[in-house]
Amino acid sequence: MKISIVIGLIALLAGSAPSLAQGTSQSLAPGQTGSLPANTKREAMIIVGSTTLAHQTGLIADRLVSVRGIARPELALSGTARGIARFCAGVGPEYPDIVAASRRMNRRELQRCIENGAVDVVELRLGYSPLVLAVERGDPVFGLTARHLYLALAAEVPQGGDFVPNPFKTWKQIDPRLPDLDILVYGPATDSGTRGFFDDMVMQAGCRGLAEVKFIYSADERVRQCTTLRQDGRYVAIAEPFAETVMQRVITGPYGAIAVVPHQMSEDYEAELELLPFNGVLPTQAAIHADDYDLVQPVLFYVKRAHMRDDRGEGVVRGLREFIAEAMSEEAIGPNGYIDQSGIVIMPTRDRERARRSAFRLERFER
Amino acid sequence: MRAAVLALALLLAAGSARAQAPSTSAADVGRHPIIERLADGWAWLTGHAGRAAGMVVPPSPSASAKSLAHADESVKLFKMLKEAGYKLKAISSGVSPVPGLQFKFGIVQELSEADLDHIERRLDQDKRLRPGLVAEMERAIILTALHINASELYVLEELKLQLLPYPKAEFTLAPREAPLPRNYDILLRAIEGRPPLSWRGAQSHVIR
């Protein structure tokens, strides 16, 4: 099959071409909530997803109860990946209504949602939660790159055209400019959304472009090769809820141990920790807004539009519209709002307005 | 056909221009005016065309190959295509009054979700850094490739970018589950140490 497109035509269409980054947004008609029978109702919303966002989710739930008179949502947070899997498992009162996510829902997950009837998912973007690398205050501070971390933590590393079991024991062996310290990193286990983000933004980024990796055609095989971590104790995977444990371990752990944690958690331990630059940049608000700091996770909620109760009282649960209004309010995500004060880096005004507009229109999330 | 009409029109126009000047050559005496006009026109056209050729005719294939040997490292579009899993596999250059220059890219790597996110981010950054029509066109080509590959049914197997005689992008799609040629099966079975299937005289294709 061949398609010929004159570039001029592409240019004309470019303005209207759907962006993969944002997806083709589509406004939905009110009341278009799927084909659920009227008796499929539940009293309280069910929220699943990221434990890292437990505090923020709790704050929104409190406000829903106290300000908007909505039944207290049931929080069943067990990690982003599991949360999305449950959220996308189907439509009906037994399935969750909202998922808190510390990364974007990927195309496969969205596809599963659609296959299971949850076609109309609305994405709420509240701000950013940078992932940071930190050491105990007093330990050597040195900048790391994605390549350094990949070479330090992968189970196998490329050498002479093939992959060999990771031989590196100290940072200096990877790069002579790095200190002669044992490699020891505490970070999230595979049940965490943060680990998925770490795999994508650190491990895959670190191995992208290496000659041996370029030879692997299959994406699945390449991802497996790049994200399989060593099992000899130099990467210590902590299960959910991992952040608090990681902090404790790095503070009480050996000299030079590195923690991989969400920024909001590191703020609670400001006196004990020191942040490391990643790819030469420290995670300041200015660097995050300028898109200079690479390890920035979005703070997101996905809402199942098919569960919304409409004006006739039909639909799974009441409160989804109120949840959207509350989560996207200036009191929440504006400067000095309660989300801002919870350690999340808020978006610049223009981005906040855009996110709010998209949420209020109930635009369908597409990738 | 259109080229022939154009050439004839040029010849006649050039001939009429030359006809203004008096003819002085003794050898020209007695020639039919139309023949004379055509001959003059041809001489005018070939003379000018020869000089103009250097300006409009693309470099020879070998010159193109030489200058573009490292193009995928320096040209922004080629770099972006490389990140999107495509690599330059051929350059076609045609030498004629209507010159042609075409680059052919083939898929060398499937993209993971993280790769797609990475490229989308790079395109966003590029949009801020490189405004303008050409950059927008380049991004549109990359996005089109990504969109096609995001489909479950097809994969963009080959991308042709034509610069001359006019810019054009040509996308060749292949079904993701395309039937494999019989040779693939024979090779696979040979690698796995299994005997080839006896099918339509496969005996003659046994790899020993």
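Just so you know, these numbers use all the heavy atoms, side chains as well, and skip hydrogens, waters and symmetry mates. Please read these numbers as outputs of a predicted model, since none were measured by experiment. Each chain gets a letter, A, B and so on, in the order its sequence line appears, and its residues count up from 1.
Neither the backbone nor the side chain of E221(A) comes within contact range of chain B, judged by heavy atoms closer than 4.5 Å. Residue D294(A) touches chain B through both its backbone and its side chain, counting heavy-atom pairs closer than 4.5 Å. Contact of Q125(B) with chain A is made through the side chain alone, with heavy-atom distances under 4.5 Å. No part of R139(B) comes within reach of chain A, as not one of its non-hydrogen atoms sits under 4.5 angstrom from that chain.
S112(B) contributes atom OG, which lies 5.5 Å from atom CZ of R222(A) (distance to the nearest 0.5 angstrom). Here the CD1 atom belonging to I216(A) is positioned 12.0 Å from the CD atom belonging to E110(B), to the nearest 0.5 angstrom.
Minimum interatomic distance between I107(B) and Y217(A) (heavy atoms only, all atoms of both residues): CD1-OH, 3.9 Å. Closest approach of D115(B) to Q204(A), counting heavy atoms only: OD1-OE1, 4.1 Å.
Environment of CZ in R108(A): sparse, with no more than 12 heavy atoms of neighbouring residues, nucleotides or ligands closer than 6.0 Å.
At distances below 3.5 Å, not a single donor-acceptor pair connects side-chain atoms of R208(A) with backbone N or O atoms of E83(B).
Electrostatic pairing of E113(B) and R107(A) counts as a salt bridge here, judged by a charged N lying under 4.0 Å from a carboxylate O. Under 4.0 Å is where a charged nitrogen must lie from a carboxylate oxygen, and between D291(A) and R121(B) at least one such pair does.
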